[in-house]
Protein chains: 2
Amino acid sequence: MTQAPLVTILDDEPAIRTMLADALEEAGFRTMGFARATEFEAALKTAAPDVCLVDLSLPDRDGLSLVHRLALEQGATVIIISGRAQVQDRVTGLELGADDYIIKPFDPSEVVARIRARLRREKPATQTGNTARFNGWTAHFDSYILTDETGAETPFSHAEGEVLRLFLERPKRLISRAIMQETLGGAAGESFDRAMDVRISRLRTKLREDPKNPRLIKTIYGAGYIFLGDVSWS
Amino acid sequence: MTQAPLVTILDDEPAIRTMLADALEEAGFRTMGFARATEFEAALKTAAPDVCLVDLSLPDRDGLSLVHRLALEQGATVIIISGRAQVQDRVTGLELGADDYIIKPFDPSEVVARIRARLRREKPATQTGNTARFNGWTAHFDSYILTDETGAETPFSHAEGEVLRLFLERPKRLISRAIMQETLGGAAGESFDRAMDVRISRLRTKLREDPKNPRLIKTIYGAGYIFLGDVSWS
DNA sequence: TTCATCCTGTTACAATTCGTAAGATTTGCG
DNA sequence: CGCAAATCTTACGAATTGTAACAGGATGAA
């Protein structure tokens, strides 16, 4: 999967195929659509999809047996999309090897989210992006290392990384202390405020902030913090 | 996971906990139930659940931030069970790291089926090969030999191999001490912690890690370890 | 058997992390 | 300018982790 992940769509309704293809391509996936199981199976000989969306009610084949084969032989990630809403349908679909079961009518954005959730597991490495660049710095969240523009390395601890990640995920926006406390797992302890201060102080030191004039982590008195810096994840 | 998979249930309604526990235990899982996030987090220090069921509306904590931390830091399989049925809720839940999102009211048998679908994926991660290459090293698990890029050989023991294999099977993911202890057959002895430390220390020496700045085996204080390195099995 | 060697857990102590306490400093507002 | 609240910094200590040294046990050769 060096390029964008490939998602195949097998559904006999053209409207659904286009709806899914549009949403998926906007989300950065490649797509291939099929109306019949036979066409789909033919394509499988040359293409290797990362995810297969399969409608159960196909004109030329029982969808369930296809799912079974796909999951069993290809080891592919299979998501059933079906109008059959009974619990029993879902259970048997999942037991036959499907990874997920989405009921019609569905929202395309949920389909995208569920596909992403599967691929995240598939590629444990860095699907979501574990490296962020900002203002000459590079933060490697998988190796817990902060790199200078000169290449000099500074390790950062887990607690510091939590704070840094929070900032880098919400740059140039105010982050209230309440949100911070929640994200950092502070168990409603009043004195956790001080712990947060200390974390930020230590992070500032590693980022070589001038205490008199912090350029990256600004304090908003009475409100929270704001991280200035042009962040790009990869 | 030598024994039955462990599923944790975090929900403040006792009726739901029992319903799920009954269905799951009948299906052959071990279960642990919690009403509060704090109790659950405390249990995480000693137990290593294979799947975590989390209700979003918790009395003592916002469930979403908990899900985020679980998925991000523990690398755990997380399934949200929630009454919030809006598409947007589901999408954000999945994007924050949840593997699945089940809406109340639900049927226990579907929960079981969805959990099985997740675990089916987990298992095959165990590669069949017994030789792994990573960052210039080659580990031969059948001959208990570690080979350098220059071809120099270093033997490793059985205990060291267990740790190394655990790392190589889950690269770039956090491995909690609880999981390690379970995998390495540690009999819950408190002092087994030290034994694990020693195993890792010896492994680090053989991998010629710089004690001050380990590249491959990183320690996450209070959480566990993470193995960096691009692994390919054969 | 006897001895040497290796493996591995245990112990003891050093090093690191991180929250807490306490005092210093800054900010907002009269 | 003065005061109170908020925030920063430093120091300390509890908890966690690293590692050297030791000891018991297994293995295998003489």
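Residue numbers start from 1 in every chain, and the chains themselves are labelled A, B, ... in the order their sequence lines are given, proteins ahead of strands.
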Over how many whole Å does the gap from B:Asp193 atom CG to C:dT10 atom C1' extend? 13 Å

Closest to the B:Ala195 side chain: D:dT19, D:dG18, C:dT10? C:dT10

For the side chain of B:Arg177, counting heavy atoms from C-beta on, which of D:dC8, D:dT17, D:dA6 is nearest? D:dT17

Step by step, would you call B:Tyr221 with A:Tyr144 a ring pair (Phe, Tyr, Trp, His ring centres under 6.0 Å)? CA-CA 12 Å; B:Tyr221 182 95; A:Tyr144 290 86; over 10 Å; no

Between A:Ser201 and D:dT9, does any side-chain N or O lie under 4.0 Å from OP1 or OP2? yes

Which residue lies toward the 5' end of DNA chain C, B:Lys206 or B:Lys212, if each is placed at its nearest nucleotide? B:Lys206

Taking the six-membered ring of B:Phe141 as reference, does the NZ or CZ atom of B:Arg165 fall below 6.0 Å from its centre and within a 45° cone about the axis? yes

Rounded to whole Å, the CD1-C1' distance (B:Ile200 to C:dT8) equals 15 Å

Has B:Arg202 got a side-chain N or O lying under 4.0 Å from the OP1 or OP2 atom of C:dT8? no

Counting heavy atoms not belonging to B:Glu25, are there more than 12 under 6.0 Å from its CD? yes

Taking only residues two or more places apart in sequence, or in another chain, which ones meet A:Tyr101 in a ring-ring contact (aromatic ring centres under 6.0 Å, His included)? none

Does NZ or CZ of A:Arg170 lie under 6.0 Å from the centre of the six-membered ring of A:Phe227, at an angle within 45° of the ring axis? no

Does either side chain, that of A:Arg204 or that of A:Thr219, offer a donor lying less than 3.5 Å from an acceptor on the other one? yes

Nearest-angstrom distance from the residue atom CG of B:Leu203 to P of C:dC7: 14 Å

Atom pair distance, as rounded to whole Å: CD in B:Glu209 and P in D:dT19: 10 Å

Counting only side-chain N and O atoms of B:Thr205, is one of them less than 4.0 Å from OP1 or OP2 of D:dT19? no

Side-chain atoms of B:Val198 come closest, of D:dT16, D:dT19, C:dA22, to D:dT19

Side-chain N or O of B:Ser157 versus OP1/OP2 of C:dC6: is the shortest distance under 4.0 Å? no

Expressed in angstrom and rounded to an integer, what is the separation of A:Asp197 atom CG from C:dT20 atom P? 12 Å

Has A:Arg194 got a side-chain N or O lying under 4.0 Å from the OP1 or OP2 atom of D:dT7? no

Between D:dT27 (P) and B:His158 (NE2): distance, integer Å: 13 Å

Would you indicate, yes or no, if D:dG18 has its OP1 or OP2 atom less than 4.0 angstrom from a side-chain nitrogen or oxygen of B:Arg204? yes

At 4.0 Å (heavy atoms only), tell me whether B:Tyr144 reaches a base, stays on the sugar-phosphate, or touches nothing. nothing

Gap between atoms OH and C1', on B:Tyr221 and D:dT16 respectively (whole Å): 4 Å

Testing C:dT20, C:dT11, C:dC18 for proximity to the side chain of A:Ala159, the answer is C:dC18

Identify which nucleotide among D:dT17, C:dC18, C:dC7 has an atom closest to any side-chain atom of B:Tyr225, counting heavy atoms from C-beta outward. D:dT17

Which whole-number value in Å describes the distance from A:Arg199 CZ to D:dT7 C1'? 17 Å

